Visitor: 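Starting off with a structure, shown below.
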2 protein chains.
Amino acid sequence: MERRDLHAPGREPRAGDRPEPEGGLARITLGTQVYDALRDLLIAGGLAPGERLSLRTVAERLGTSMMPAREAVSRLVADEALEVLPNRAVRVPVITLDKFRELTRVRIAVEGFAAAEAARAVGPGALAAIQAHDAAFRHEVRSPEPDLERAMRANRDLHFAVYEAAGLPSLVAIIEGLWLRIGPVLNLDMRSSPRRLAEGGAQAHHAALVAALAAGDAEGARAALSADIAGSAAFIETTGRLAP
Amino acid sequence: MERRDLHAPGREPRAGDRPEPEGGLARITLGTQVYDALRDLLIAGGLAPGERLSLRTVAERLGTSMMPAREAVSRLVADEALEVLPNRAVRVPVITLDKFRELTRVRIAVEGFAAAEAARAVGPGALAAIQAHDAAFRHEVRSPEPDLERAMRANRDLHFAVYEAAGLPSLVAIIEGLWLRIGPVLNLDMRSSPRRLAEGGAQAHHAALVAALAAGDAEGARAALSADIAGSAAFIETTGRLAP
DNA sequence: TGCCGTGATCTGTGATCACACTTAGGCTGG
DNA sequence: CCAGCCTAAGTGTGATCACAGATCACGGCA
């Protein structure tokens with residue numbers, strides 16, 4: 001919370017900020033908005049592992065009272081994306097090496113299944129979108145001056161486009177929960193040593209994944225995605241930033 | 001909320017009810033207690049699909065103020081175990097047939113993976129516990145007057161003993177989230193037509209599952225558990241209580 | 001100089017109040 | 001007798017206050 005502004009650019013929400021009845025069909029509560037803001041920060045690596053949060057700080061930073069912040073943080077704690085220490089302090093969990101390996105195994109199983117289902121269910125439109133994200137990612141990492149932020153966003157968009165193509169929304173929700181927990185460590189390490197991107201391991205896995213999806217090869221898609229996750233995890237482990 | 005008391009038997013929590021510092025190491029907040037109470041009700045079928053909840057009613061029923069109820073309901077809504085209608089009314093979601101089938105597919109994938117891992121990782125102690133739950137379930141359904149409540153609890157204990165034997169806590173948490181969502185419909189239908197228990201389909205699947213676990217046969221365990229879930233789901237579909 | 005005690009400050013949690021909104025029931029006017 | 005409005009009760013959401021506990025820095029004693 002120290003380093004980034006949670007606001008959307010140019011938007012400055014205030015406490016009594018509901019002049020128009022929000023037009024849309026579904027009502028978006030302030031608590032949900034704060035939740036989404038924190039969630040995006042976590043997945044994008046805007047919050048480092050071990051970083052402490054304060055309900056009052058979050059609330060003030062977003063221009064709301066403490067209540068929406070409470071609800072958002074409470075939900076994130078329930079998702080284990082945040083944790084409250086016995087001191088009552090809230091912080092981004094510091095993942096231990098064992099926990100990281102466990103999460104990686106679960107990811108390979110769950111996301112691998114999603115990729116396999118996607119290979120069976122993907123349509124031409126979704127496939128085109130996936131290929132676009134793949135191209136964007138490849139273009140970014142091959143650029144002479146790669147933009148880390150954009151590359152990781154393209155990577156995320158590619159993955160979730162695949163998962164959504166499986167046609168199982170509950171599965172996507174589960175995967176989002178997993179990304180919420182590995183996001184901080186993954187992004188932090190990527191940020192600290194961007195050479196991983198240039199190595200091209202991810203590109204190769206992505207290419208194999210897209211090819212398998214296009215061919216309707218479920219097991220091929222599962223294998224490619226598993227290799228992608230495993231490769232990324234192996235890199236993270238070598239950086240040694242994980243707690244013992 | 002109309003039909004059951006959320007209190008543990010003989011326990012009557014009151015608002016200012018913290019004379020002793022709760023002894024334990026981790027502090028259990030009131031919000032978490034309410035969450036656990038509602039969660040158990042949902043998994044055990046104490047709340048029917050479509051049933052409406054009210055924060056004030058929940059709070060009063062548990063002897064707390066509205067705040068802990070808010071937090072608990074908010075978390076359950078985040079888990080999709082409850083839903084808030086555009087009217088701002090909170091109710092147990094009414095699962096559609098398509099959604100039920102989707103959840104079943106995800107369950108087979110995720111819980112099947114857990115069973116396979118359990119076959120690889122289970123130790124003698126955990127295996128004994130699993131066998132005990134299996135025996136309890138078999139004893140209950142073979143009894144001349146089966147106690148539905150006890151049978152379903154034994155079934156749940158058996159399943160989760162297997163999942164925990166996999167040694168992947170994050171996976172167990174995911175599965176709990178899934179059970180939270182199918183619990184109401186599953187329990188309701190079981191309650192309305194208990195003959196399913198007597199048919200013995202579940203017993204056979206359980207026996208095959210336990211045998212596979214004892215033999216370290218991962219794929220056998222996965223197959224047995226998948227068959228158990230599929231059989232149960234097929235039965236639920238025949239009762240036709242699901243929304244179109 | 002080093003260490004312990006102590007108070008100010010900050011934390012999350014719980015309770016209470018206020019508000020916009022929905023909904024259901026009763027009353028009035030036809 | 002029926003249809004219409006319209007009030008009153010009930011809803012979740014947001015804000016504010018109160019409080020126990022933890023943290024940390026400062027100051028005084030040894």
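Just so you know, these numbers come straight off a predicted model, no measurement behind them. Order of the sequence lines fixes the chain letters, A, B, ..., with proteins taken first and strands second; residue numbering starts at 1 for each chain. Side-chain atoms are counted along with the backbone in the values below, which use heavy atoms only and exclude waters and symmetry mates.
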Visitor: Taking CG from Leu30(B) and P from dA20(D), how many angstroms apart are they, rounded to a whole number?
Guide: 15 Å
Visitor: Rounded to the nearest Å, what distance is computed from the CE atom of residue Met66(B) to the C1' atom of nucleotide dA18(C)?
Guide: 11 Å
Visitor: Quick one: pull up CG in Leu82(B) and CG in Leu42(B) and give me the separation to the nearest 0.5 Å.
Guide: 5.5 Å
Visitor: Tabulated below should be each protein N or O lying under 3.5 Å from an N or O of nucleotides 6-11 of chain C; please produce it.
Guide:
unit_1  : atom_1 : unit_2   : atom_2 : d
dT11(C) : OP1    : Ser54(A) : OG     : 3.1

Visitor: How long is the span from the CD atom in Glu102(B) to the OG atom in Ser170(A), to the nearest 0.5 Å?
Guide: 3.0 Å
Visitor: We want to know whether Asn155(A) and His133(A) form a side-chain donor-acceptor pair, criterion being a heavy-atom distance below 3.5 angstrom.
Guide: no
Visitor: Which of residues 67-75 of chain A sit near DNA chain C, with a heavy atom under 4.0 Å from it?
Guide: Arg70(A)
Visitor: If you measure from CD on Glu111(B) to OG1 on Thr104(B), what distance do you get to the nearest 0.5 Å?
Guide: 9.5 Å
Visitor: With Glu83(A) as reference, evaluate Arg52(A), Arg91(A), Lys99(A) under the salt bridge (Lys or Arg N to Asp or Glu O under 4.0 Å) test and give the passing residue.
Guide: Arg91(A)
Visitor: Mind checking whether Ile43(A) and Arg156(A) have side chains closer than 4.5 Å, heavy atoms only?
Guide: yes
Visitor: Identify whether NZ of Lys or CZ of Arg in Arg39(A) sits under 6.0 Å from the centre of the six-membered ring of Trp179(A) and within 45° of that ring's axis.
Guide: no
Visitor: Output the distance between atom NE2 (His159(B)) and atom CD1 (Ile229(B)), rounded to the nearest 0.5 Å.
Guide: 6.0 Å
